There are 2 protein chains.
Amino acid sequence: MFSKACEYGIKAMIYVATQSLKGDRVKIGDIVEKVGSPEAFTAKILSDLVKNGLIESLKGPYGGFAIQPAKMESIKVIQIVSVIDGDSIFRGCGLGLAECNALEPCPMHSKFVKIRSELKKALETTSLLELANGIKTGKTILIR
Amino acid sequence: MFSKACEYGIKAMIYVATQSLKGDRVKIGDIVEKVGSPEAFTAKILSDLVKNGLIESLKGPYGGFAIQPAKMESIKVIQIVSVIDGDSIFRGCGLGLAECNALEPCPMHSKFVKIRSELKKALETTSLLELANGIKTGKTILIR
DNA sequence: CTTATTTGCGATAAAATTATCGGAAATAGG
DNA sequence: CCTATTTCCGATAATTTTATCGCAAATAAG
């Protein structure tokens with residue numbers, strides 16, 4: 001469904017959020033330990049998310065990554081996915097046609113329309129805060 | 001969503017089905033022209049589908065690929081997908097956890113459960129005959 | 001200003017996916 | 001049998017994705 005990069009990015013964002021809720025900045029080594037992802041690769045992805053304003057970073061000692069708690073409610077999963085994987089999951093054709101719409105649909109089009117819109121809706125309505133709270137309360141996990 | 005290999009495989013199966021409904025065998029060159037996929041790669045995929053009994057092939061002159069019309073109703077898209085991409089779309093965790101279930105869920109688990117089961121259901125209930133008929137009647141297209 | 005720390009970034013490498021090539025095996029027809 | 005045709009199959013190549021490495025840039029603290 002998502003690329004590895006996207007999976008890592010979402011999980012990293014969630015972990016940083018849980019620590020930012022406690023007022024802690026986190027460094028990359030910390031993140032990858034808690035998320036189970038490769039360090040340099042994850043750093044690249046986070047760098048991308050920084051550029052897109054979804055997370056902030058600070059270099060040097062006492063530096064690391066953080067997300068302002070006030071923003072966590074408004075940051076939705078779809079934004080993270082869009083930055084890393086683009087919008088092909090929602091917009092692209094399930095069978096790879098260059099163009100595919102109700103007028104000239106691929107054979108699976110009608111079957112996919114509903115599923116895609118539900119996926120999009122789920123990602124649009126799920127906030128980072130909600131996901132971070134799941135981890136905080138121990139209801140969900142980031143690694144296994 | 002699906003791999004390129006899977007997209008090609010599904011479209012090739014649909015095209016072969018439309019021709020088999022007319023009693024025609026089709027060769028690989030014919031298929032890739034109608035489906036817009038690379039020849040040798042598509043041949044590999046079809047070979048895989050032959051091994052798994054979803055389509056039959058015949059070598060030599062007047063040979064090619066065919067699907068018995070009587071089987072088209074019982075061949076569901078999920079079988080094609082399973083042969084080519086496996087079942088990770090239905091069974092795997094959306095965030096890549098090795099194990100992820102209602103007891104120890106990833107943060108997105110509850111959001112994905114419904115979408116995945118609907119996707120699975122759609123693929124389970126969509127038959128090759130149905131898709132081939134869409135092409136036959138001109139309601140859907142395979143290439144663009 | 002110097003040092004230690006940490007992200008940023010470009011180059012590179014490894015692995016997976018997608019794609020091509022050449023020839024072997026099968027088969028229909030003359 | 002011989003030939004033409006077509007799938008099958010192993011090797012290889014190209015591309016994309018995933019991952020690593022080394023060093024530059026920034027920054028906090030003494």
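Residue numbers start from 1 in every chain, and the chains themselves are labelled A, B, ... in the order their sequence lines are given, proteins ahead of strands. None of the values given here were measured: they were computed from a predicted structure.
Hydrophobic clustering places Val81(A) together with Val50(A) (ILVMFWY residues linked when any side-chain heavy atoms are closer than 4.5 Å, directly or through intermediates). Under the 4.5 Å side-chain heavy-atom criterion for grouping Ile, Leu, Val, Met, Phe, Trp and Tyr, Leu58(A) is not connected to Val16(A) through any hydrophobic cluster. Cluster annotation: Ile141(B) is not connected to Ile143(B) through the hydrophobic network of ILVMFWY side chains, with a link wherever side-chain heavy atoms come within less than 4.5 Å.
In this structure, Tyr62(A) and Thr42(A) both approach DNA chain D, and ranking their closest nucleotides by distance from the 5' end singles out Thr42(A). If you find the closest nucleotide of DNA chain C to Leu46(A) and to Pro61(A), the one lying nearer the 5' end belongs to Pro61(A).
Residues satisfying the side-chain contact (heavy atoms from CB on, under 4.5 Å) criterion with Lys76(A), sequence neighbours excluded, are Glu73(A), Ile78(A), Gln79(A), Ser127(A). Take Asn52(B) and apply the side-chain contact (heavy atoms from CB on, under 4.5 Å) test, not counting sequence neighbours, and it matches Val83(B).
Ionic pairing of Glu118(B) and Lys121(B) is not present here: no N-O contact between side-chain nitrogen and carboxylate oxygen is shorter than 4.0 angstrom. For the pair Asp48(B) and Lys44(B), the salt-bridge criterion is not met [side-chain N within less than 4.0 Å of a carboxylate O].
In this structure, the nucleotide among dT7(C), dA28(C), dA4(C) sitting nearest to the side chain of Ile28(A) is dT7(C).
Here the shortest heavy-atom pairing between Ala102(B) and Pro105(B) reads O-CD, 3.7 Å. For Thr126(B) against Glu130(B), the heavy-atom pair with the smallest separation is CA-OE1, 3.8 Å. Of all the heavy atoms in Cys100(B) and Cys106(B), the pair that sits closest is SG-N, 3.4 Å.
In the helix from dC1(C)-dG30(D) to dG30(C)-dC1(D), the rotation axis of the first five pairs and that of the last five pairs differ in direction by 0°, rounded to 10 degrees.
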Nucleotide N/O of nucleotides 10-17 of chain C paired with protein N/O under 3.5 Å:
| residue | atom | partner | partner atom | Å |
| --- | --- | --- | --- | --- |
| dG10(C) | O6 | Lys44(A) | NZ | 2.9 |
| dA11(C) | N6 | Lys44(A) | NZ | 3.1 |

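Heavy atoms of Gly29(B) sit nowhere under 4.0 angstrom from any nucleic acid atom.
Atoms NZ (Lys11(B)) and P (dT18(C)) sit 13 Å apart, rounded to a whole Å.
OP1 or OP2 of dA19(C) sits under 4.0 Å from a side-chain N or O of Tyr8(B).
A heavy atom closer than 4.0 Å to some atom of DNA chain C occurs in Lys51(A), Ser57(A), Leu58(A), Lys59(A), these being the qualifying members of residues 51-59 of chain A.
For the side-chain contact (heavy atoms from CB on, under 4.5 Å) with Met13(A), the qualifying choice from Val35(A), Leu131(A), Ile31(A), Leu49(A) is Leu49(A), the only one to do so.
Side chains of Gln19(B) and Arg25(B) form no contact here, defined as non-hydrogen atoms less than 4.5 Å apart.
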Side chain to side chain contact (heavy atoms under 4.5 Å, CB included) between Glu56(A) and Ile67(A), intermediate numbers included = CA-CA 6 Å; Glu56(A) 57 190 49; Ile67(A) 300 167; over 6 Å; no

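Heavy-atom contacts of chain A under 4.0 Å fall on DNA chain D between two terminal nucleotides, which in 5' to 3' order are dT18(D) to dA29(D).
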